Amino acid sequence: MADIVFHNVTKRYGDTLAVDDASFTVNDNEFFCFFGPPLSGKSTILRLVLGLETPDSGEILIGGRPVNTVSPAERNVAMVFQNLALFPHMSARDNVRFPLVERRIAEADIQKRVADVAAKLHIGHILHKPPAQLSGGERQRVAIARALVRDPNAYLMDDPISALDARLREETRVELKRIQRELGKTLIYVTHDQEEAMSVADRIAILENGKIRQIGAPAEIYDRPASTYVARLLGSPMMNILKSVRGEGGVEAAEGTIRIADKAAPADAVEIGLRPEDIKVRPWLDRDGTSDGRAGRPARVFEVEPLGGYTVVTLAAGQARLRALLRGQPDIRPDAMVAISCEPGRVHYFGQSGGALAR
Ligand code: ADP
Ligand code: MG
């Protein structure tokens with residue numbers, strides 16, 4: 001078992017609370033992702049797991065064993081290095097062998113372990129090549145093989161693909177997800193890219209200034225963000241968050257441009273959140289037309305971004321700007337007047353301190 005547990009772990013650097021009372025459990029074989037903006041404490045958490053830092057308070061357990069005073073070598077957790085750095089002058093095989101040679105393991109044992117890890121990662125046929133002759137995905141497999149050849153309890157990655165261009169990043173993250181599924185080993189992964197976190201992780205922990213704000217499966221956090229902070233971090237375009245007031249039979253926002261008929265709306269809601277894909281946009285036919293009248297006042301189309309499979313429409317609704325994500329390429333022009341609406345069940349409600357409220 002290689003589950004990794006933090007109990008109320010705090011780590012300070014001088015006055016900076018790098019990790020603030022963090023508690024979580026990474027399950028055996030899980031792809032667990034830490035996601036947050038720069039300086040939110042992601043790398044410090046990895047260093048605490050590796051044993052390169054010691055907590056000021058709290059306890060860390062790996063496979064059920066308390067490790068606060070256990071050296072990095074004895075924790076047997078492997079770091080896959082940033083940007084997948086491989087030694088360019090060595091063959092893939094020598095790169096993978098390196099950690100074992102360094103530890104003066106017997107040659108017969110090295111050969112067996114390299115063969116085992118190469119079989120698991122399907123790289124036996126490319127071991128003779130130098131990194132420069134490998135594709136991005138192959139290099140990633142070799143870098144992971146180098147980390148796994150010691151048979152660690154878990155492996156860690158700190159923003160490993162952030163330096164790649166967008167197309168290669170998409171390709172690499174699919175590869176990474178596949179590798180982790182095949183290996184079935186605990187992986188702790190750090191990223192500051194929301195799309196990457198959503199796409200690869202079994203579960204995500206969201207960080208803000210060293211504090212864990214929410215832990216859950218990507219879809220769970222996306223559908224039920226615990227606060228406006230979390231809501232804004234996941235999703236692109238990001239969730240529209242608007243000041244709201246109680247209206248007849250529900251809530252209103254953006255000076256009556258948006259009316260949500262929701263008897264279940266919580267009384268203490270001060271903001272509503274609307275995902276761009278949940279906003280319906282229709283032409284504003286007739287100011288006195290019954291259906292549009294019920295929907296609220298008209299909004300103006302500010303700008304239209306056709307992106308092929310879908311279109312982002314930015315709307316000027318009262319003083320607010322909001323973004324709607326529509327399928328395909330609808331016939332909507334800048335400056336047109338439209339009616340916007342949202343199913344009550346898709347509305348997120350937030351209270352005074354930004355915390356999510358149940359309907
Ligand atoms: P992230 O990886 O999310 O960017 P870090 O874990 O690197 O965040 O940093 C968290 C906080 O701790 C930041 O405020 C950073 O400045 C501070 N910090 C990290 N490492 C050190 C260090 N060695 N000395 C002093 N402050 C540090
Ligand atoms: Mg970092």
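All residue numbers in this chain count up from 1 along the given sequence. Please read all numbers here as calculations on a predicted model, not as lab measurements. Order of appearance sets the numbers: ligands from 1, and atoms from 1 within every ligand.
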Taking everything shown except Arg181 itself, do over 12 heavy atoms lie less than 6.0 Å from its CZ? no
Nearest-neighbour protein heavy atom for [atom], which is reported as residue plus atom name and distance:
atom: atom 5 (P) of ligand 1; value: Thr44 OG1, 3.6 Å
atom: atom 16 (O) of ligand 1; value: Leu39 CD2, 4.0 Å
atom: atom 24 (N) of ligand 1; value: Tyr13 CD2, 3.6 Å
atom: atom 7 (O) of ligand 1; value: Ser43 CB, 3.8 Å
atom: atom 12 (O) of ligand 1; value: Ala18 CB, 3.3 Å
atom: atom 3 (O) of ligand 1; value: Lys42 NZ, 2.8 Å

Which of the atoms in ligand 1, numbered in the order shown and given with their element, are less than 4.0 Å from a heavy-atom of Ser40?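 Within the 4.0 Å cut-off of Ser40, ligand 1 contributes 1 (P), 3 (O), 8 (O).
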Numbering as shown, the atoms of ligand 1 that approach Pro38 to under 4.0 Å (heavy-atom distance):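 What qualifies from ligand 1 is 4 (O).
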Please check: side-chain N/O of [X] versus main-chain N/O of [Y], any donor-acceptor pairing under 3.5 Å?
X: Thr314; Y: Arg323; value: no
X: Glu30; Y: Leu187; value: no
X: Lys42; Y: Phe35; value: no
X: Arg282; Y: Ala339; value: no

Heavy-atom pair with the smallest gap, counting every atom of Leu134 and Ala92: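 For Leu134 versus Ala92, the nearest heavy atoms are CD1-CB, 4.4 Å.
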Locate the shortest heavy-atom distance separating Arg65 from Glu74; write the atom from each residue and the value. NH1-O, 3.6 Å
May I ask you to establish whether Arg146 and Phe87 are in a cation-pi arrangement, using a distance under 6.0 Å from NZ or CZ to the six-membered ring centre and at most 45° from the ring axis?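 Yes, Arg146 lies over the aromatic ring of Phe87.
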So which bit of Thr16 gets within less than 4.0 Å of ligand 1, heavy atoms only: side chain, backbone, both or neither? side chain
Quick one: does Gly36 get within less than 4.0 Å of ligand 1, heavy atoms only? no
Taking the non-hydrogen atoms of Arg47, is any one of them nearer than 4.0 angstrom to ligand 1? yes
Report yes if some N/O of Glu53 lies less than 3.5 Å from some N/O of ligand 1; otherwise report no. no
Under 3.5 Å: N/O of Gly41 near N/O of ligand 1: yes
Is the distance from the Mg ion (ligand 2) to the nearest N/O/S atom of Thr44 under 2.8 Å?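 False for Thr44.
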Plane angle bin for Phe24 and Phe6 - parallel if under 30°, tilted between 30 and 60°, otherwise perpendicular: parallel
